[in-house]
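This report concerns only the one structure given below.
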Amino acid sequence: MYRPTTLLAVFVVIPVVVGVGVGFVSYDNDFVDPTYILSKEFNTSTAASQQTVVDWADQLAAQGPWSVMNKTVVPPSGDLHDYMSWAPYSWPNCTGVGNTTALTPEQIWVTCPYYTRDGLFNPDGRLVNDTGHFQAMSDAILYNAISWVITGSNAYSTNVANFVNTWFIDPSTAMNPNLNYAQMARGPNGQVGTHTGVLDLKGMTKITSAILILRLNNNTDWTSELDTKMTNWTTLYINWLQTNPLGHEEQASTNNHGSYFYNQLTANQILVGNITGAQNSINMYFNGIYMNQINANGEQPLEAVRTRPYHYRCYNLAAMITNARLGDYLGLHSFWNKTTTKGGTIKTALDFTMTVQPGDELASELYPNIAAVGATYSDPNGTYAAFLANADNTYPAQPYFFWDQPFSDSNLAAATPTSSGPSTPTSKTGGAQMSSRTSSMTAFLTMLSLAVALLTS
Ligand SMILES: *[C@@H]1O[C@H](CO)[C@@H](O)[C@H](O)[C@H]1NC(C)=O
Ligand SMILES: *[C@@H]1O[C@H](CO)[C@@H](O)[C@H](O)[C@H]1NC(C)=O
Ligand SMILES: *[C@@H]1O[C@H](CO)[C@@H](O)[C@H](O)[C@H]1NC(C)=O
Ligand SMILES: *[C@@H]1O[C@H](CO)[C@@H](O)[C@H](O)[C@H]1NC(C)=O
Ligand SMILES: *[C@@H]1O[C@H](CO)[C@@H](O)[C@H](O)[C@H]1NC(C)=O
Ligand SMILES: *[C@@H]1O[C@H](CO)[C@@H](O)[C@H](O)[C@H]1NC(C)=O
Ligand SMILES: *[C@@H]1O[C@H](CO)[C@@H](O)[C@H](O)[C@H]1NC(C)=O
Ligand SMILES: *[C@@H]1O[C@H](CO)[C@@H](O)[C@H](O)[C@H]1NC(C)=O
Ligand SMILES: *[C@@H]1O[C@H](CO)[C@@H](O)[C@H](O)[C@H]1NC(C)=O
Ligand SMILES: *[C@@H]1O[C@H](CO)[C@@H](O)[C@H](O)[C@H]1NC(C)=O
């Protein structure tokens, strides 16, 4: 006979045995203000979130380093140093090219015409994983840089230096500073990148946060040689972004693609020390495409029409918030209250999205945006904290809670799990453990969903 109590036991025991913390999720994007990290003035309510930052730094570092040389498919240029990814919804049609079984996959990629099946991911896209590797590398660099500050251990800054050196600098493993083959079209008329592929490097914003943390604190692993070489690489890449037609087309995109273009262009300009250029970029975004991105009621019309509208609303919110944070860092007049042509702001866009039912899309993609807005505009009515407490009672253990301060922990901080040791057996322990497991599963689903999102945006 089926016994619910047995099931309950499984739920309670698993987290204790494996010491589950908060499962890794790659946030859509963010710019973590190095001034806050370097202040080292962290509220004790952030203890669990600090532990998660360090856990994620360890987990990710164990997978690195990453390099464009890791792929086994050679780009059309013949140069493995060129970054490459494939257009995600693109499928071959070999009907007109004779005996298909005689064609190797490599022959199909160049011989058969490709056509788009919107929303249907061609699974062979996984054969080339520069996108996944860049994303893991940028997260590893961000969490390891912050962990250096939290723990004081140079093991973390050594990781950052190693990962930057392997991906960008070492001549035997470095990526060429271009995206000529990002989200590439295949077939006889293909073999060229598409502008949507520029999105693949949005994580340059996370990398810039990390480098600033090391650079501004004179970290000894971040040598002046590495700094100069990274600045040089980024200068060449900015030049590609600003002169290549793919960069121009992406910059002209009016939806989330344009928002993310400004995330990375601005961050890259900060990285190379072009503060005037970075300020121009943020002004260009908020006086340009931003002005048509939010309706008076907070709806984002250009995202609402997409196949996964809840995801795209969250996704563009993350990019708008990142641009606002970059504006703050650059000392510009705050853009958080900047009103669009139709009368919306970042806050109204968030408030609207909080009223939308996610359906079968992932609800938790919104949570980092809620904390960002709550911390910035303040949360006098407790609306944002209450929403998060109800949605995910481990939120004070999420890394975004660490850098979105001040923000209420809803008195949950004491109950949130950390993986540094066994869970504290308080009256809330059972609940915390179960939610920890639930949160890990949610995080796993988020990861899957974001991996797909990344490839299909
Ligand atoms: C990827 O390439 C780097 C640099 O050569 C290497 O250190 C790393 O082991 C490679 N990773 C895998 C999974 O092959
Ligand atoms: C596949 O190619 C054939 C001709 O080779 C064409 O008739 C057919 O419409 C194509 N199918 C699709 C889905 O493009
Ligand atoms: C198609 O090619 C395969 C592999 O070369 C061969 O075994 C098969 O006989 C060919 N079929 C036809 C109909 O030509
Ligand atoms: C692509 O890379 C990411 C990050 O390393 C990894 O999590 C994912 O499993 C990889 N995908 C495939 C299909 O290898
Ligand atoms: C880092 O070095 C610079 C130049 O020597 C110095 O002006 C600055 O105060 C140092 N910063 C810290 C945080 O030690
Ligand atoms: C960096 O770029 C400058 C200016 O182009 C050049 O003079 C210098 O040699 C480069 N340094 C390195 C380490 O590549
Ligand atoms: C800074 O960026 C602006 C705008 O892209 C550009 O015109 C300028 O040449 C850059 N300055 C330097 C020193 O690279
Ligand atoms: C938005 O505007 C209000 C009213 O002027 C002000 O109190 C608040 O500080 C502003 N918020 C941000 C984040 O700039
Ligand atoms: C708090 O609630 C009041 C009254 O409902 C409302 O006017 C105000 O906009 C709310 N403040 C925030 C920050 O949501
Ligand atoms: C620290 O966090 C707690 C819990 O959210 C809050 O009550 C307190 O005001 C915060 N202290 C500071 C200095 O921000």
Side-chain angles (χ1 to χ4, degrees), residues 23-27 33 56-57 59-73 80-81 83-86 88 121-143 158-159 161-175 200-201 203 206 282 286 294 317 320-340 343-351 369-381 384 404-407 443-456:
F24 172 69
V25 182
S26 181
Y27 298 150
D33 188 343
W56 289 8
Q59 269 174 46
L60 289 161
Q63 297 161 30
W66 301 262
S67 162
V68 285
M69 309 307 278
N70 292 143
K71 62 182 172 294
T72 53
V73 181
L80 216 49
H81 291 276
Y83 178 96
M84 177 165 79
S85 59
W86 282 331
F121 181 68
N122 184 342
D124 83 351
R126 291 173 186 169
L127 290 172
V128 180
N129 199 13
D130 281 358
T131 310
H133 291 165
F134 182 86
Q135 184 182 337
M137 185 265 304
S138 55
D139 282 320
I141 285 175
L142 176 63
Y143 291 113
T158 305
N159 286 339
N162 179 23
F163 299 157
V164 169
N165 188 56
T166 305
W167 188 280
F168 298 100
I169 309 300
D170 182 336
S172 65
T173 55
M175 170 186 164
D200 285 12
L201 254 62
K206 296 176 180 175
I282 286 300
F286 278 105
I294 310 168
L317 261 168
M320 294 193 292
I321 286 168
T322 300
N323 279 330
R325 292 205 214 258
L326 287 163
D328 287 348
Y329 181 72
L330 290 164
L332 299 174
H333 170 75
S334 171
F335 286 110
W336 292 90
N337 278 331
K338 171 87 175 170
T339 305
T340 61
T345 64
I346 291 174
K347 183 176 184 300
T348 55
L350 177 84
D351 292 346
N369 298 328
I370 296 175
V373 165
T376 306
Y377 293 84
S378 84
D379 188 12
N381 303 346
Y384 298 122
D404 284 321
Q405 289 294 319
F407 189 73
F444 175 66
L445 292 172
T446 307
M447 206 161 59
L448 281 181
S449 147
L450 291 185
V452 172
L454 186 88
L455 292 160
T456 55

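We count ligands from 1, going down the list as the structure has it; atoms in each ligand are counted the same way.
- With no hydrogens or angles considered, no side-chain donor-acceptor pair links Trp86 and Asp124 at under 3.5 Å.
- Under 3.5 Å, the side chains of Asn337 and Thr345 contain no donor-acceptor pair of N or O atoms.
- Atoms of ligand 8 lying under 4.0 Å from at least one heavy atom of Thr376, given by number and element, are 13 (C).
- Sorted by chain and number, the residues within 4.0 Å of ligand 1 by heavy atom are Pro65, Ser67, Asn70, Thr166, Thr173.
- By the ring pair (Phe, Tyr, Trp, His ring centres under 6.0 Å) test, Phe286 is found to be paired with Tyr290, Phe335, residues two or more places apart in sequence or in another chain being considered.
- Atoms of ligand 8 lying under 4.0 Å from at least one heavy atom of Ser334, given by number and element, are 14 (O).
- Under the ring pair (Phe, Tyr, Trp, His ring centres under 6.0 Å) criterion, Tyr83 pairs with no residue, sequence neighbours left out.
- The contact set between ligand 4 and Ala136, taken as ligand atoms under 4.0 Å from a residue heavy atom, comprises 4 (C), 5 (O).
- Side-chain rings of Trp66 and Phe134 stay apart, their centers remaining 6.0 Å or farther from each other.
- For Trp336, no nitrogen or oxygen atom sits less than 3.5 Å from a nitrogen or oxygen atom of ligand 8, counting backbone and side chain alike.
- In this structure, the side chain of His81 does not engage the main chain of Met175 through any donor-acceptor pair within 3.5 Å.
- Under the salt bridge (Lys or Arg N to Asp or Glu O under 4.0 Å) criterion, the residue pairs touching residues 128-138 are Lys71-Asp130, with sequence neighbours excluded.
- Looking at heavy atoms from C-beta onward, Phe407 lies in side-chain contact with Tyr384 at the 4.5 angstrom threshold.
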